[in-house]
Structure formats: structure tokens, C-alpha cells
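Computed from a prediction, not measured in an experiment: that's the story for all the values here. Chain A is the first sequence line, chain B the second, and so forth, proteins listed ahead of strands; every chain is numbered from 1.
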Number of protein chains: 2
Amino acid sequence: MLDSDDQQPPAQPPASPAAESPARGQVDPSSDVSRDTRTRLLDAAERLFAERTFASTSLRQITAAADANIAAVHYHFGSKDELFRAVFHRRVGPVNDRRLQGLRALLTAAAPAEPSLEDVLRALVEPAAALRATPAGRSFACLIGRSLSADGPHWKTIEREFEGVKAEFMPVFVRLCPELSTADLVWRLHFGLASLCMVLSDTDRLRLATGGLCDPDDVGTVVEQIVSFTAAGLRAPATASPTGPRAGRPSNLDSDR
Amino acid sequence: MLDSDDQQPPAQPPASPAAESPARGQVDPSSDVSRDTRTRLLDAAERLFAERTFASTSLRQITAAADANIAAVHYHFGSKDELFRAVFHRRVGPVNDRRLQGLRALLTAAAPAEPSLEDVLRALVEPAAALRATPAGRSFACLIGRSLSADGPHWKTIEREFEGVKAEFMPVFVRLCPELSTADLVWRLHFGLASLCMVLSDTDRLRLATGGLCDPDDVGTVVEQIVSFTAAGLRAPATASPTGPRAGRPSNLDSDR
DNA sequence: ATGTGTTTCAAACGATCGTTTGATAGCGGG
DNA sequence: CCCGCTATCAAACGATCGTTTGAAACACAT
């Protein structure tokens, strides 16, 4: 397992049914001369997609930043959408691999007991938060954090990348939080990942708003803050309505008016 | 106070220094005949900005959905950017007013003691979460939740809308969490708002992924989940390093490899 | 040198974008 | 009746978008 670096087949653009007009065969990504232009395009696209947005970043801006020709994008990737997929796939694989490595190490080290909730959360959070330690990783962190809260045509692509992590972490959380209903557990994990996404996608706003007090690029602090906050939330007593019909809908501000 | 419905001055488009060529005077938004087209444009833009994105929604899509002419946008708002600002301003004002009302009611009801952490969080979360109860509000909820995690040219516009809420809620949280350092408090409130944003911007993904178990449109459940989770996180013991140099940077997965 | 396949380039394609224009209705008060 | 004002409309503006094309530049085995 731990697959992260497969190269897709030719992946010819869905248009043009007569596929092979001049030259379109994808090239082996390892030990290739043209890797220069390809990775330059990936780096530039990663940075610009993060700074602006996929929709508001033009291929001309990308190729200008990468010092390449416009047609190079379609030659190496086929289309703008597949360029996005390539940018995303290049970095999310290693992150998820580190997550699964960390989880498995914890499980075997603690067996037959269970690892601590904090350790499991750390294994999930740290590889992603560590992206913000490097400039390129920080660009990708903004991209991934932003893509998770905006579903466009790329949502299914993104979702698939995280299936393995979800499948392996969820049972562990279920065992570590036996007193929580499934709905409670899912809600709270959702909130924890929301916190992670918010930090990943931050672009100096939090640091500026706090006068440098809270720094999303301080990986160690970020990890401990998210882990301790989420662990405390997961340990909160279960809500009143397990899966009841509509039990307990307390709504405030009916005081006056 | 509680200002939410001020109309901006003429707000002439920054181009064309000789401003008044044919007809550009903004109209009084109350008791006006043309409110029809104006609000139809606002409604359509609100929905489409939420479904797609600001950048990937064209004015022609908006005017087609609003059954209006292309030029109507520039006649009533001046530009696409000011249309976004109008869409945002129309709904965020009442939400923040309800938040401040709720907070003040809590403060006077509990005086001279302090209200509970849960009640203050509820006053902050409920008015926003309640947006998801109506289709139009749900569109705006997606828009606001998404805009907060993506900073474009509209970030300063958005930030200004929330200044009042921030200024009035923050001192209360400081008093309610006296054992937390400022950095800890800001981090954890940031996480709580991240959870809120994630729920607001959800577009059926969570419900579909959980088989209907977690429904972002079930306002009562959402509020209680966010409030209890965030309150538990805020009550977690303070982290080791208050503002220390680099204390405690435990990094896992140094097991093998 | 020749041939083959890969990579890069300038230039153009049609489509769509935000914005502007000038004319055309509707409607009030003089 | 005509005038000033508001609102809407069809049509076009220049700019920029993603994509395609065909040829040049390059590498390298024979």
C-alpha cells in the first residue's frame, strides 16, 4: 500500500476522438529530461492557485511565472483541470502516507492497548501542518485547505485522495470514543478537521490580526493547539439527542423583542 | 447602534473622472419602484456566488437568472465587485445585530455575574447557523463560510463587517477564560469559528458522506454541537508554552524510516 | 548525415468576460 | 404637451480566457 506516486496513463484530453494527432503520449515522469518544465509548471501553478484561485488564475500567468510557453500546459497535462489534479496529487500522497505510517506505528507500539487520543490526533494533524514549514508546502497548504471548503469540479478528485486515511483512522476513533454516538463523533471530527483546514489555508491573516501572537507557520504550536483543542472537544459529554427524532432544540435569544 | 441598513452614497465607479454622463445617481433603497430588479439581482447573485464562486460566476449568468439586462448590474451597483459587496452587506448586518442583541441580553440578565460560556457561544453561533434554515439564507451561508477561508480582493470588505462583533465578544471571552493566555484563547476561538465556517459552507457533502446522520441544516443540532465542542475546547488546560521561545515541540512518527 | 521522436515556440482560434454606449420606453409635475 | 428623471434594453467595445495548430529546435540511435 502507501501508494502515492503512480503515473496516470496517457490521459488524453477527452476532446478530439481521433486522439493521436501530432504528439500526445505522456512521458515517464522518472529519469526524464523535460522534468524541468513540467515541475516548473507544477510549482508555479501550485503557488498561483493558492495565492489566487483556480478559476481566477490564468494559464498565461502560470506559464509566465514558470518561464514556459502557453502550449506547454496542454502538452504536459492536457488541460487546465488536469494540471490542477496533478498539482494536488503530487503533494497530498506523501502527506497521507506519513499519516498512515504514524497511525500504524502508534497502534503497534501500544498493542494490545489503544494509543492515546492525543497521539492519534497528532498523527493526523502533524503531517498536514508540517506543510507550512516550507514556502512550497505553505502554498499547497493554502490550496488544500481552501479546496476542502469549496466544492467545484475538483471535489471528487480531492475526496478520493483522502479515502484511505479516512478508512484507517475512523475505526480507531470509534474505539477511542466508545461513549460517543456516531453522529457526535463525526460532528466533532468534522470540527477538528475544520480547524486544521482553517489554519492550513491561512494567509497571514491570523498572524497580522494577532500581532504575531498566533503564527500558523509555527508547526509545533499549531499541532499542539489543534490536538489539545480537538481532544478536549471529543472528550466532552455526549449531546442529549443520540439519534432521536428532534429532541432538544434549545434556541436562545428569545429573551425580548 | 446596531447599524445594518445604511445606503452608501452614489458610489460612482472609480473609472470615468467626469462622473455624471447619463444617469448614475444611486436611488433611495426604501420605498422605490425599481427595488424589484435590484433585489432580483441580489438574490440571483447570492445564489450563484454560493453555488459556484465569485470569479467563476459571470454577470451574464446572474442577469439571466434574475431575468434582467446585463447593463442593469452596472446601473444599480456600478460594478461586479460592488455587487458582491451589496450581496454580502445585505445579510451580514442582521446576523451580527442578532449576535450583539443576544450577547447584551445575556450580560444584563446575568449581571453582576458573568453569563455561561455556552450561552455566549450560542449567541455567537446561532444567528449564523440559523441562516441555513431557509434556501436563500443557505446560499448566503455557503458564501460567507467560503469567503472567510479565501482571501481575495473582498477580504477587507468582509473583515470590516465583523469588527463590531469581534470588539464586543472578545472582552467577554477574556473574562470567561481567565486562566488562558491570550494566544491560547485566540487559537481556540479561531478553531471554533473554523468549525462554524465549515458547517456554513457545507453543500450537502457532510450529509451525503454520513448517510443523513449529520445534517448542517438542522440548526438546533448544529448549534449545540458547535457550542459544546468549542466550550470543551476552551476549557481544556492551557498549553505548556504560554509565549515561551519554542517550548515543547513533540513531533511523532520518528519511529522508523 | 539521416531519420525519429520529444519538446518548445509564436501565432492564431473561437468563446466569453466586464464594461460602456445610445436609444427607448414609463412617469411625474410645470 | 413637453420636460426632466428613472429604468430598461439591444448592441457593441476591447480584453482575456482555454485551447489548438504547424513548424522550428533539440536529442540521439543508426
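- Using a 4.0 Å heavy-atom cutoff across all strands shown, B/A72 reaches no nucleic acid atom at all.
- With sequence neighbours left out, A/D67 forms a side chain to side chain donor-acceptor pair (under 3.5 Å) with no residue at all.
- Stem analysis of DNA chain C (Watson-Crick or G-U pairs, both distances under 3.5 Å, runs of at least three) returns C:1-27 with D:4-30.
- Side-chain contact between A/F162 and A/L193: absent, with no pair of heavy atoms (C-beta onward) separated by less than 4.5 Å.
- Phosphate proximity of C/dT7 to A/N69: absent, as no side-chain N or O sits under 4.0 Å from OP1 or OP2.
- Proximity of B/W187 to A/V199: side-chain heavy atoms (C-beta onward) are separated by under 4.5 Å at one or more points.
- Among residue pairs with one or both ends in residues 159-168 of chain A, those qualifying as salt bridge (charged side-chain N to carboxylate O under 4.0 Å, His left out) are A/R104-A/E168; sequence neighbours excluded.
- Every residue meeting the salt bridge (Lys or Arg N to Asp or Glu O under 4.0 Å) condition with A/D217, not counting sequence neighbours, appears here in chain and number order: A/R132, A/R138, A/R207.
- When rounded to the nearest whole Å, the span between NE2 of B/H74 and P of C/dT19 equals 4 Å.
- Remark: nothing in residues 42-49 of chain B comes within less than 4.0 Å of DNA chain D through any heavy atom.
- Evaluation of the side-chain contact (heavy atoms from CB on, under 4.5 Å) rule for B/T210 yields A/V186, B/L206, B/L213, B/C214 as partners, not counting sequence neighbours.
- Look at CZ on A/R38: it is 11 Å from P on C/dT8, rounded to the nearest Å.
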Between the protein and nucleotides 23-26 of chain D, list every N/O to N/O distance that falls short of 3.5 Å.
none

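- Taking the six-membered ring for Trp and the full ring otherwise, A/F54 and A/H154 have centroids separated by under 6.0 Å.
- If you measure from atom CG of A/D36 to atom C1' of C/dC9, you get 17 Å, rounded to the nearest angstrom.
- For C/dT8, one of the phosphate oxygens OP1 or OP2 lies less than 4.0 angstrom from a side-chain nitrogen or oxygen of A/T37.
- Considering only side-chain N and O atoms, A/H76 lies under 4.0 angstrom from the phosphate OP1 or OP2 of C/dT8.
- Here C/dC9 is the nucleotide among C/dG18, C/dC9, D/dT19 with the atom lying nearest to any side-chain atom of A/A71.
- In plain terms, the two heavy atoms of B/G164 and B/L100 that are nearest each other are O-CD2, 4.3 Å.
- Taking every heavy atom of residues 57-66 of chain B and every atom of DNA chain D, pairs under 4.0 Å involve B/R60, by number.
- Considering every non-hydrogen atom in both B/R99 and B/L124, the closest pair reads NE-O, 2.7 Å.
- With sequence neighbours left out, the side-chain contact (heavy atoms from CB on, under 4.5 Å) criterion links A/L131 to A/V95, A/F140, A/A141.
- For the pair B/T63 (side chain) and B/R60 (backbone), a donor-acceptor distance under 3.5 Å is present.
- B/A65 is linked by a side-chain contact (heavy atoms from CB on, under 4.5 Å) to B/A44, B/R47, B/L48, counting only residues two or more places apart in sequence or in another chain.
- To the nearest angstrom, C1' of D/dT20 lies 15 Å from OH of A/Y75.
- Partners of B/S56 by side-chain contact (heavy atoms from CB on, under 4.5 Å), not counting sequence neighbours, listed by chain and number: A/A55, B/R52, B/T53.
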